[in-house]
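Some notes on the structure that comes next.
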Number of protein chains: 2
Amino acid sequence: MSVEVSQCKVEEALEIVVGKWKPVILLHLLHEGTKRFSELKRSMPGITQKMLTKQLRELEDEDIIQRVIYPQVPPKVEYSMTDYGRTLAPILESMHEWGEKHVLHKQKMVFSSEQDENVQ
Amino acid sequence: MSVEVSQCKVEEALEIVVGKWKPVILLHLLHEGTKRFSELKRSMPGITQKMLTKQLRELEDEDIIQRVIYPQVPPKVEYSMTDYGRTLAPILESMHEWGEKHVLHKQKMVFSSEQDENVQ
DNA sequence: CCGTATCCAATTAGATACTG
DNA sequence: CAGTATCTAATTGGATACGG
């Protein structure tokens, strides 16, 4: 019983996890628990407020993370994984692991192509 | 020993697998073995020749798939997974599985929000 | 502090035509 | 058959300013 590729659902999973910043956000929340907006922003140098907000909204809409607003001045908003979102953890960890190996693999590829050049 | 998020390598893995069509291409090659260009194109209605070529080149550059050119007229080019590429299989299958569940989860989310509306 | 709105630059993707 | 080239449309992302 092989998987029907025509009804490919890999993309469903991918859309959750992709975007330049989503995996980083998710790993932060998975490993460090609840974080507030400004903490997340600080831990991701280079991200703009607009992008962080957008990525967080998308993750919230998909029920991966939850947002808790404290009605106070100045405002305080905390983000954390939902139980459902935590079901993504194994995939994220596998990808992290594979990604680390892939960095090494790319180095080997570059190295052997340099060798080839020397042979010519 | 927790994972250092600052050196996040999930993105390394993601870059391989993302792009509107890459997961579909990879699942085709994983499940059906060697395929030629025109077969892949036929099995992905909606993809343009330009996009298919581009995605295939990127996967080839990363050593995930290999291209074999038969020097004949008309031309014949066959694509298949590399041994290295096949190490992605578990991740792709996990994502496929999670994706299927997520489709159901989204349906439940829509259903319960419809219930909410009726309660008002 | 935590956003939204707007404008603009850059990247990405489709349609189409052409080639060995 | 398996591409490349070109032009254009659409999407994405950054910078900046402003608001509750």
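- B/Ser94 places no side-chain N or O within donor-acceptor distance of the main-chain N or O of A/Ile91, the cut-off being under 3.5 Å.
- For the pair B/Ile69 CD1 and D/dA2 P, the computed distance is 11 Å after rounding to whole Å.
- One hydrophobic cluster holds both A/Phe37 and A/Ile69 under the rule that ILVMFWY side chains link at heavy-atom gaps under 4.5 Å.
- Across D/dG14, D/dA2, C/dG3, the shortest atom-to-atom separation from the side chain of A/Met51 is found for D/dG14.
- Contact between the side-chain N/O atoms of B/Arg36 and the OP1/OP2 oxygens of D/dA2 is found at a separation under 4.0 Å.
- Atoms CD (A/Gln55) and C1' (D/dT11) sit 14 Å apart, rounded to a whole Å.
- No option in A/Glu15, A/Glu62, A/Glu60, A/Glu58 other than A/Glu58 meets the salt bridge (Lys or Arg N to Asp or Glu O under 4.0 Å) test with A/Lys22.
- The phosphate of D/dG13 has neither OP1 nor OP2 within less than 4.0 Å of any side-chain N or O from A/Thr48.
- Side-chain atoms of B/Lys50 come within donor-acceptor range of the base of C/dG14, with a qualifying N/O pair under 3.5 Å.
- Close to C/dA13, at under 4.0 Å from its OP1 or OP2, lies no side-chain N or O of B/Lys20.
- Close to C/dC2, at under 4.0 Å from its OP1 or OP2, lies no side-chain N or O of A/Arg42.
- Listed pair B/Thr53 / D/dG3 fails the phosphate criterion, with no side-chain N or O lying under 4.0 Å from OP1 or OP2.
- Residues A/Pro75 and A/Gly19 each lie close to DNA chain D; by heavy-atom proximity, the contact nearer the 5' end of the strand is made by A/Gly19.
- A/Trp98 is linked by a ring-ring contact (aromatic ring centres under 6.0 Å, His included) to A/His102, B/Tyr84, counting only residues two or more places apart in sequence or in another chain.
- Atoms CG (A/Leu52) and C1' (D/dG14) sit 14 Å apart, rounded to a whole Å.
- In this entry the distance linking CG of A/Leu56 with C1' of C/dT4 reads 15 Å, nearest Å.
- One can place CZ of B/Arg67 at 9 Å from C1' of D/dA2, the figure rounded to the nearest angstrom.
- When the side-chain nitrogen and oxygen atoms of B/Tyr79 are compared with OP1 and OP2 of D/dC1, none of them lie within a distance under 4.0 Å.
- Here the C1' atom of nucleotide D/dT12 and the CD1 atom of A/Ile47 are 14 Å apart, to the nearest Å.
- Protein atom CZ of B/Phe37 is 9 Å distant from nucleotide atom P of D/dT4, rounded to whole Å.
- When the side-chain nitrogen and oxygen atoms of A/Arg57 are compared with OP1 and OP2 of C/dG3, one or more of them lie within a distance under 4.0 Å.
- The side chain of B/Pro74 sits closest to D/dC1 out of C/dC2, D/dG3, D/dC1.
- Put simply, CD1 on A/Ile25 and CD1 on A/Ile64 are 12.0 Å apart, with the number rounded to the nearest 0.5 Å.
- Rounded to an integer number of Å, the gap from A/Lys41 NZ to D/dG14 C1' is 12 Å.
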